[in-house]
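Throughout, residue positions are numbered sequentially from 1 according to the sequence presented. Atoms within a ligand are numbered from 1 in the order they appear, just like the ligands themselves.
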Amino acid sequence: MRQAHERAMDLSTRYKKSGKRGVDGWFTRIDAEIFSTLLAFQDSHDIAGSCCEIGVHHGKSFIPLCLSLKKNELAMCIDLFEDQAKNIDFSGHGDRQILVNNLSNWGLEAGRGGSNIRIVTKSSEHITAQHILDVVGRVRFFSIDGGHWEAIVKNDLNLAAGVLVPGGIIALDDIFRAEWPEVTLAFGAWFDRTESASGIVPFACGSNKLYLCPRDYASRYRECLRTDFLTTFYAKTYKSKHFELDSYKTETRDWDEADFQQVCRTILKTFFPDFLIMLKTRKLAVKRLLHGR
Ligand SMILES: C[S@@+](CC[C@H](N)C(=O)[O-])C[C@H]1O[C@@H](n2cnc3c(N)ncnc32)[C@H](O)[C@@H]1O
């Protein structure tokens with residue numbers, strides 16, 4: 001049992017560091033790191049439930065959710081797949097067969113008898129919270145990355161908020177992106193209308209996702225994200241009247257104005273983050289040795 005758990009943790013680490021390169025899609029290293037840290041926290045704090053993703057494409061961000069499943073936990077993904085005529089804003093292009101192959105490359109079987117992964121071909125407009133509860137029960141991690149128009153983003157946020165376990169997390173993709181202003185607008189409108197009723201607040205922002213959870217879990221999740229890796233990418237803490245949120249990001253620079261040091265640091269952060277973390281940790285170890293602390 002313990003061995004199976006350790007094997008799953010090894011696979012998750014391998015996936016975020018290098019494996020995800022072999023899967024087409026959109027999942028930055030910072031968000032992969034945030035996913036794995038939050039999933040590990042849920043694991044060690046007995047926050048149990050299923051994982052769910054709307055908008056799966058080839059499974060790039062769905063695979064780590066499936067790798068985190070424990071015995072008796074289920075995962076579900078919802079995508080249009082072959083019904084791409086309904087993909088009205090052309091975000092990605094789900095392919096069920098490629099998804100199944102990618103899952104299988106990571107030892108995850110979908111669709112077979114006894115499998116704990118459910119693949120649903122539908123527009124999320126035609127899914128209800130009850131449908132999700134019937135298929136996988138309450139959800140501890142819900143990733144939203146399907147249609148990007150305002151009505152569907154609000155629909156998907158309502159679905160997620162309606163099925164979360166206490167301590168459940170929602171990850172909303174493509175927020176604050178110049179290419180998708182509708183996602184930001186939809187989130188703002190949804191949050192204004194539902195925040196006091198749902199009690200769900202943002203607590204972190206990755207390079208392409210906003211992370212939300214019930215208010216009473218927010219400080220614990222913020223705390224758990226302060227790892228060596230993520231603090232290297234920490235940008236700022238935003239304090240609003242309603243919540244506090246930490247941002248983690250690889251900065252985009254005015255490249256024509258960057259000096260040599262900035263270029264080197266950004267190249268390291270973007271292409272070789274593990275090497276940068278190793279340098280940082282070694283430097284700290286040498287400092288401790290020199291100063292006896
Ligand atoms: C940006 S991609 C998802 C990327 C994926 N999460 C990854 O890790 O790479 C968006 C996906 O949403 C699907 N999609 C678009 N509109 C949808 C809708 N109304 N309901 C469900 N899925 C939808 C598309 O088929 C596509 O696979």
Side-chain angles (χ1 to χ4, degrees), residues 12 15-16 18-36 38-39 51-68 75-103 105-106 108 110 117-129 131-132 135-136 139 141-160 162-163 169-184 186-187 190 206-211:
S12 301
Y15 183 77
K16 76 179 172 191
S18 55
K20 74 183 180 71
R21 285 184 203 151
V23 181
D24 184 59
W26 298 265
F27 193 39
T28 68
R29 177 61 195 276
I30 293 180
D31 286 307
E33 201 67 38
I34 293 180
F35 267 46
S36 76
L38 295 173
L39 291 166
C51 292
C52 186
E53 180 166 81
I54 295 175
V56 73
H57 187 63
H58 298 174
K60 197 166 184 123
S61 54
F62 186 56
I63 289 171
L65 300 183
C66 295
L67 288 174
S68 81
M76 172 183 191
C77 64
I78 300 155
D79 199 291
L80 297 167
F81 295 118
E82 54 275 17
D83 205 1
Q84 286 295 314
K86 294 193 182 134
N87 192 352
I88 58 173
D89 55 10
F90 311 110
S91 61
H93 189 124
D95 186 308
R96 179 186 269 260
Q97 194 50 54
I98 298 178
L99 167 68
V100 169
N101 294 346
N102 285 338
L103 287 168
N105 290 341
W106 288 88
L108 301 159
I117 300 173
R118 313 279 184 266
I119 301 178
V120 173
T121 303
K122 244 187 183 91
S123 169
S124 59
E125 296 163 288
H126 302 128
I127 295 271
T128 61
H131 184 173
I132 298 174
V135 177
V136 290
V139 174
F141 201 112
F142 202 121
S143 161
I144 300 178
D145 195 6
H148 287 49
W149 64 98
E150 278 186 59
I152 201 132
V153 172
K154 290 179 195 163
N155 172 77
D156 295 353
L157 283 163
N158 283 333
L159 285 177
V163 300
I169 291 169
I170 302 173
L172 174 63
D173 195 73
D174 279 332
I175 187 139
F176 311 135
R177 283 261 308 264
E179 297 94 315
W180 298 108
E182 52 271 54
V183 177
T184 313
F187 171 74
W190 177 84
S207 47
N208 200 33
K209 293 182 195 286
L210 182 70
Y211 297 86

Open item on the list: Looking at K16 and E33, is there a salt bridge between them, counting it only when a charged N and a carboxylate O are closer than 4.0 Å?
Closed with: yes
Task: Close-range residues for ligand 1, whose non-hydrogen atoms fall below the 4.0 Å threshold - done: G25, W26, E53, G55, V56, H57, K60, S61, D79, L80, Q84, N87, S91, G92, H93, G94, K122, S123, S124, D145, G146, G147, W149, I152
- [ ] Report the distance from atom CZ of R177 to atom NZ of K209, rounding to the nearest 0.5 Å.
- [x] 10.5 Å
Task: Check: V56 main-chain N/O paired with D79 side-chain donor or acceptor under 3.5 Å - done: yes
Task: Parallel, tilted or perpendicular: ring planes of H148 versus W180, cut at 30 and 60 degrees - done: tilted
Task: Counterpart residues, side chain to side chain contact (heavy atoms under 4.5 Å, CB included), relative to N87 (two or more places apart) - done: L80, Q84, D89, S91
Task: Side-chain heavy atoms of L103 within contact of C66, under 4.5 Å - done: yes
